[in-house]
Amino acid sequence: MKRSDFPANFIWGTATSAYQIEGAVSEDGRGPSIWDTFSHTPGKTKGGDHGDVACDHYHRYPEDIALMKELGVNAYRFSVAWPRILPEGRGRVNPRGLDFYNRLVDALLEQGITPWATLYHWDLPQSLEDQGGWPSRETAYAFAEYADLVTRHLGDRVKHWITLNEPWCSAYLGYHAGIHAPGQQNFKHSIWASHHLLLAHGLAVPVIRRNVTGARVGITLNLSPGYPASPDPADVAAARRFDGFQNRWYLDPLYGLGYPADMLALYGEAPSVQGDDLITIAAPTDFLGINYYSRAVVRNSDLEPYRFQYVRVGEEHTDMDWEVYPEGLYDLLIRLGREYRPKAIYITENGAAYPDAVADDGGIHDLERVRYFQRHLALCLEALQHGAPLKGYFAWSLLDNFEWAEGYAKRFGLVYVDFPSQRRRIKASGYWFRDFLREAVVRP
Ligand SMILES: OC[C@@H]1[C@@H](O)[C@H](O)[C@@H](O)c2[nH]c(CCc3ccccc3)c[n+]21
């Protein structure tokens with residue numbers, strides 16, 4: 001499998017997010033986010049790690065763009081930090097926050113790298129959380145105001161917009177599982193949060209189109225295909241419930257089907273739908289972003305409210321203990337193409353954590369990660385050849401960075417970061433990706 005097997009106009013990028021790489025959390029007027037609060041709360045992150053400095057990208061972005069150039073990517077997916085733009089979440093604008101993204105975008109364009117901006121990658125301004133957070137409908141309106149402001153300032157140069165990164169994570173991990181910020185464990189709040197996140201997306205789509213000529217707007221979902229642990233009908237039904245919990249709860253409303261009836265019945269908890277919300281949420285989009293890491297294998301369980309249990313399977317697992325299962329990406333792409341028929345699909349994240357170390361020769365020989373990328377790209381190609389509307393791929397991540405509750409211990413980068421010195425070193429996987437992208441595209 002080589003680059004020239006893919007369409008010549010296929011997008012090849014790397015992805016990051018603001019809180020995971022920028023640092024400079026109190027610089028130039030940035031306000032606190034729920035991840036500042038959460039990561040500084042004892043016991044919430046491994047080793048008490050936080051994003052105060054991270055990869056110091058706020059200051060080192062020219063060097064990081066040079067690395068992207070060296071890797072040969074033609075696109076870069078980053079996120080805009082809401083708390084830099086609107087320190088209280090609404091109202092007062094912080095011009096120095098906007099200035100950073102102006103500088104970043106201009107530097108990317110100068111290097112011929114297309115900027116893809118995610119408006120929300122989990123760093124909700126703390127003051128909005130204090131006023132109710134995503135369980136409050138007001139937060140959806142605040143997001144639309146934020147989207148309006150950012151796209152008015154960057155929309156002349158940034159044409160590709162992702163409204164939200166993984167509403168499932170914000171709603172479920174943040175408000176029910178409690179392992180992500182703000183760390184609530186309240187099922188009803190997680191259901192309301194999921195609705196207001198989708199509503200926020202739907203309110204923002206027309207705003208972005210109004211402000212950005214030639215905008216390409218979408219949303220990024222973390223989707224995992226669910227497989228039953230056995231042919232037992234109870235396990236098959238459990239897999240269907242998992243699929244509703246992880247995938248259909250978001251895909252169905254976004255594609256005009258409303259919330260899945262089986263899940264509404266299972267949850268017995270109605271989202272806080274008002275008026276035309278479902279029409280707003282189903283605003284037509286130009287692409288679906290998918291973050292794929294692994295599949296889920298589940299069996300039946302009486303555990304309320306989801307009534308499934310994960311089963312650990314497979315021979316190969318990453319440092320996150322996620323099964324390496326590229327076939328799941330193929331199955332997912334084919335299903336989405338058939339069942340939801342998005343105009344285009346971009347893999348907005350795919351990658352793996354492995355315990356990287358600098359060898360005696362100064363290199364980082366992350367051959368497992370090279371293999372992970374090769375296998376997943378091969379299945380992307382196969383899905384594309386079988387009709388999936390796949391138009392691009394962003395590797396997660398450009399740099400080792402702050403891996404949320406796991407802190408800095410889990411490394412996903414194509415580029416190794418020695419955090420005390422902030423020195424960057426391209427890993428074997430980065431060199432592999434560079435050579436893959438450099439493959440001479442010989443015109444027939
Ligand atoms: O965990 C690797 C990456 C994160 O660093 C990204 O910020 C985030 O977009 C992202 N999503 C997923 C899959 C969902 C997930 C995230 C974190 C923890 C568990 C599951 C994996 N990742």
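For ligands, and for the atoms within them, numbers begin at 1 and follow the listed sequence. Computed from a predicted model, the values in this text were never measured in an experiment. Residue numbers start at 1 and run along the sequence shown.
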**Report entry** Among Q20, E166, Q246, E406, closest by any non-hydrogen atom to atom 11 (N) of ligand 1
**Finding:**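 Residue with the shortest heavy-atom distance to the ligand atom: E166.
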
**Report entry** From the candidates F412, Y293, W322, W122, the one that places a heavy atom nearest atom 3 (C) of ligand 1
**Finding:**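 Heavy atom nearest to atom 3 (C) of ligand 1 belongs to Y293.
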
Report task. Using the test salt bridge (charged side-chain N to carboxylate O under 4.0 Å, His left out), find all partners of E406 that sit at least two apart in sequence or belong to another chain. Result ->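 Salt bridge (charged side-chain N to carboxylate O under 4.0 Å, His left out) list for E406, sorted by chain: K46.
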
Atoms in ligand 1 with a heavy atom of [X] nearer than 4.0 Å:
{"X": "N222", "result": "14 (C)"}
{"X": "H121", "result": "6 (C), 7 (O), 8 (C), 9 (O)"}
{"X": "N291", "result": "9 (O)"}
{"X": "N165", "result": "9 (O)"}

Query raised in the report: How close does the nearest protein non-hydrogen atom get to atom 22 (N) of ligand 1, and which residue and atom is it?
Result: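 For this ligand atom, the closest protein heavy atom is E349 OE1, 3.4 Å.
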
Report task. May I ask you to identify the nearest protein heavy atom to atom 15 (C) of ligand 1, giving residue, atom name and distance to one decimal place in Å? Result ->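 For this ligand atom, the closest protein heavy atom is C169 SG, 3.9 Å.
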
Under a 3.5 Å cutoff, is there a donor and acceptor pairing between the side chains of [X] and [Y]?
{"X": "S39", "Y": "T45", "value": "no"}
{"X": "Q126", "Y": "D36", "value": "no"}
{"X": "Y306", "Y": "H176", "value": "yes"}

Query - Sidechain N-carboxylate O distance under 4.0 Å for R375, E316 - result: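 Result for this pair is yes, salt bridge flagged.
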
Query - Under-4.0 Å salt bridge between D400 and K427 - result: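 Answer for the salt bridge query: yes.
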
Query raised in the report: Has W192 got more than 12 heavy atoms of other residues, nucleotides or ligands less than 6.0 Å from its CH2?
Result: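 At most 12 heavy atoms, drawn from other residues, nucleotides or ligands, come within 6.0 Å of this atom.
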
Query raised in the report: With a 4.0 Å heavy-atom cut-off (strictly under), which part of S397 contacts ligand 1: side chain, backbone, both or neither?
Result: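 Answer for S397: neither.
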
Query raised in the report: Counting heavy atoms only, which part of T220 comes closer than 4.0 Å to ligand 1: side chain, backbone, both or neither?
Result: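 The answer is neither; T220 stays 4.0 Å or more away.
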
Query raised in the report: Do E403 and ligand 1 have an N or O pair less than 3.5 Å apart?
Result: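 Checking ligand 1 against E403, an N or O pair does fall under 3.5 Å apart.
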
Query raised in the report: Under 3.5 Å, N or O to N or O, is H180 touching ligand 1 that way?
Result: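 N/O-N/O distance below 3.5 Å does not exist for this pair.
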
**Report entry** Qualifying residue for ring pair (Phe, Tyr, Trp, His ring centres under 6.0 Å) with Y172, from W249, F187, F245
**Finding:**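 Exactly one candidate clears the test, F245.
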
**Report entry** The single option from V105, T118, L398 passing side chain to side chain contact (heavy atoms under 4.5 Å, CB included) against F78
**Finding:**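 It is V105; the other options fail the test.
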
Query raised in the report: Applying a strict 4.0 Å limit to heavy atoms, is S17 in contact with ligand 1?
Result: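 The answer is no: ligand 1 sits nowhere under 4.0 Å from a heavy atom of S17.
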
